[in-house]
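Structure, as structure tokens:
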Amino acid sequence: MERSLRRFPAESRALGVGRSMIALAQASILVFTPASHLFVPVGGAEIKVDCSTLAQAASLYCLADSADRQLLNLLVLALLLIVASGILPRYTTVLHFWASLSIGQSISLPDGGDAVAQVVTFFLVLACANDRRTWHWQQPGNEERKGSIWHGLAWAGWWGVRLQVAYIYLNSALAKLSVGPWAEGSATYYVARMENFGAAGLFADLFRWATSITLIALLSTWGTIFTESLIALLLLRRGSRQAVAAVISASLHVLIILQLGIVSFGFIMVGAVICAASRGLDLNAVWLKSLFSRTRSSTQESHSSAPTGPEPENRTDTVALGS
């Protein structure tokens, strides 16, 4: 634990990428969905935001209950765009958590990504506690603050993100095993043909045709369970394994987006995985950069050591005499 804490980077560009991706995915909900579609009657009740619990009461939609909800949507959107810009990450993480709480606790039709964003952005408040850069796109470089209490909080927050995201994927995989169609390998066949949640978009016919083939249906169904379990396990490992988890997660959710069209959920999950795997991504980014630099240097040296002019005239004569 001490070694992990000592090596933990207080600042991370990869963590910034994940934060921005989550914020932009949430912003897309507010950009493409009017308030009349986010706050709708459920179970015959009138359109009213529930503010009964402490978490719900802290939502912007409860604090400004009398204001126009479309106007409140624009305010939350502005907060998310500020977060996505990367400015002052140590402080905007608090705004991000509040915006996530407001969306997750107040809208009537959540898609699952809202709940994930709430939890992840809470831990990001801690994970960025020692990040004092002006922008999270700047080069990390505050080694002198690694012994502070803020550094310990940041390390704990990052572990919170890792454990939570790993649990989400592992729980999703294990929960599928108790569902008949997933256990028998036919789930993707039925999902692609659901009336309101099935395959959509340009590739809808392709996915329906592909899942009609028994082998593809089996591989895609059981492959999803295996992939989710693999992501969870890799996130709890060190170094490059975390980077592999991020790549696998991105590939999985891009396929889901192409098949089902749930864009915001997919990018929230990918952003969460990038945050959880940020240390491994940072380490591999440095390694790839150094590898590229060494390759470029060796190439330049080989070019500079190559003969640039004609050989001396007596070289041929010397060879001839020697032979």
Side-chain angles (χ1 to χ4, degrees), residues 8-29 79-100 103-104 112-131 133 135-140 153-169 231-232 234-254 256-257 263-286 288:
F8 177 70
E11 301 168 345
S12 169
R13 282 181 172 176
L15 192 67
V17 171
R19 289 181 63 232
S20 293
M21 184 173 292
I22 294 173
L24 290 174
Q26 293 172 294
S28 69
I29 299 173
L79 293 178
L80 291 172
L81 293 179
I82 291 172
V83 171
S85 72
I87 190 172
L88 300 173
R90 190 183 192 189
Y91 304 105
T92 53
T93 49
V94 179
L95 296 177
H96 196 182
F97 173 61
W98 186 40
S100 301
I103 295 173
D114 312 293
V116 174
Q118 282 185 80
V119 178
V120 172
T121 54
F122 168 76
F123 285 113
L124 286 177
V125 173
L126 301 177
C128 295
N130 202 32
D131 191 341
R133 293 173 295 175
W135 302 90
H136 66 208
W137 310 109
Q138 289 176 293
Q139 181 71 26
L153 287 174
W155 176 83
W158 177 66
W159 262 102
V161 175
R162 285 178 71 186
L163 293 173
Q164 182 63 57
V165 176
Y167 171 78
I168 290 171
Y169 277 98
I231 292 171
L234 290 175
L235 284 177
L236 299 179
R237 302 298 300 275
R238 299 177 181 176
S240 61
R241 296 174 181 86
Q242 297 173 15
V244 172
V247 173
I248 295 175
S249 172
S251 302
L252 172 65
H253 286 289
V254 166
I256 294 175
I257 289 170
V263 179
S264 61
F265 170 79
F267 281 104
I268 286 174
M269 291 306 304
V270 174
V273 172
I274 291 175
C275 290
S278 57
R279 183 181 176 188
L281 290 168
D282 284 332
L283 291 174
N284 282 272
V286 172
L288 289 172

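Bear in mind that the values here come from a model prediction, so they are computed numbers and not experimental data. We number each residue from 1, following the sequence as shown.
Two residues are said to be in side-chain contact when any heavy atoms from C-beta on lie closer than 4.5 Å; Leu124 and Val161 meet this criterion. Under the 4.5 Å side-chain criterion, counting only non-hydrogen atoms from C-beta, Ile274 is not in contact with Leu15. Put simply, the side chain of Thr92 does not reach to within 4.5 Å of the side chain of His136, judged on heavy atoms. Counting heavy atoms from C-beta on, the side chains of Leu80 and Ile103 come closer than 4.5 Å. Counting heavy atoms from C-beta outward, Phe123 and Cys275 have side chains that stay 4.5 Å or more apart. When side chains are defined from C-beta on, Phe267 counts as touching Ile257, because their heavy atoms get closer than 4.5 Å. No side-chain heavy atom of Val244 sits less than 4.5 Å from a side-chain heavy atom of Arg237. No side-chain heavy atom of Gln242 sits less than 4.5 Å from a side-chain heavy atom of Leu234.
In this structure, the separation between CG on Leu252 and CE on Met269 is 9.0 Å, given to the nearest 0.5 Å. Between Leu153 atom CG and Asn130 atom CG the span is 9.0 Å, to the nearest 0.5 Å. Distance OG/Ser85 to CG/Leu24: 9.5 Å, rounded to 0.5 Å. The CG atom of Asp131 sits 4.5 Å away from the CD atom of Glu11 when rounded to the nearest 0.5 Å. One finds the CD atom of Gln26 at 13.0 Å from the CE atom of Met21 (value rounded to the nearest 0.5 Å).
Minimum interatomic distance between Cys128 and Pro89 (heavy atoms only, all atoms of both residues): CB-O, 3.9 Å. Nearest heavy-atom pair, Trp158 versus Ala127, reported as atom, atom and distance to 0.1 Å: N-CB, 3.8 Å. The shortest non-hydrogen separation linking Leu281 to Ala14 is CB-CB, 3.9 Å. Leu235 and Ala166 get closest at one heavy-atom pair: CD1-N, 4.1 Å. Closest of all the heavy-atom pairs between Ile268 and Ala25 is CG1-CB, 3.6 Å. Among all heavy-atom pairs drawn from Ser249 and Val273, the shortest one is OG-CG2, 3.4 Å.
Residue-environment remark: CZ (Phe265) exceeds the threshold of 12 foreign heavy atoms within 6.0 Å. Other residues, nucleotides and ligands place more than 12 heavy atoms under 6.0 Å from the CZ atom of Phe97.
Both cation-pi conditions hold for Arg162 and Trp159: the charged atom is under 6.0 angstrom from the six-membered ring centre and inside a 45 degree cone around its axis.
In this structure, the side chain of Trp137 does not engage the main chain of Val17 through any donor-acceptor pair within 3.5 Å. Formation of a donor-acceptor pair under 3.5 Å by the Arg133 side chain with backbone atoms of Ser12 is found in this model.
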Given side chain to side chain contact (heavy atoms under 4.5 Å, CB included), test Val119 with Ile168 step by step and report yes or no.
CA-CA 11 Å; Val119 178; Ile168 290 171; over 6 Å; no

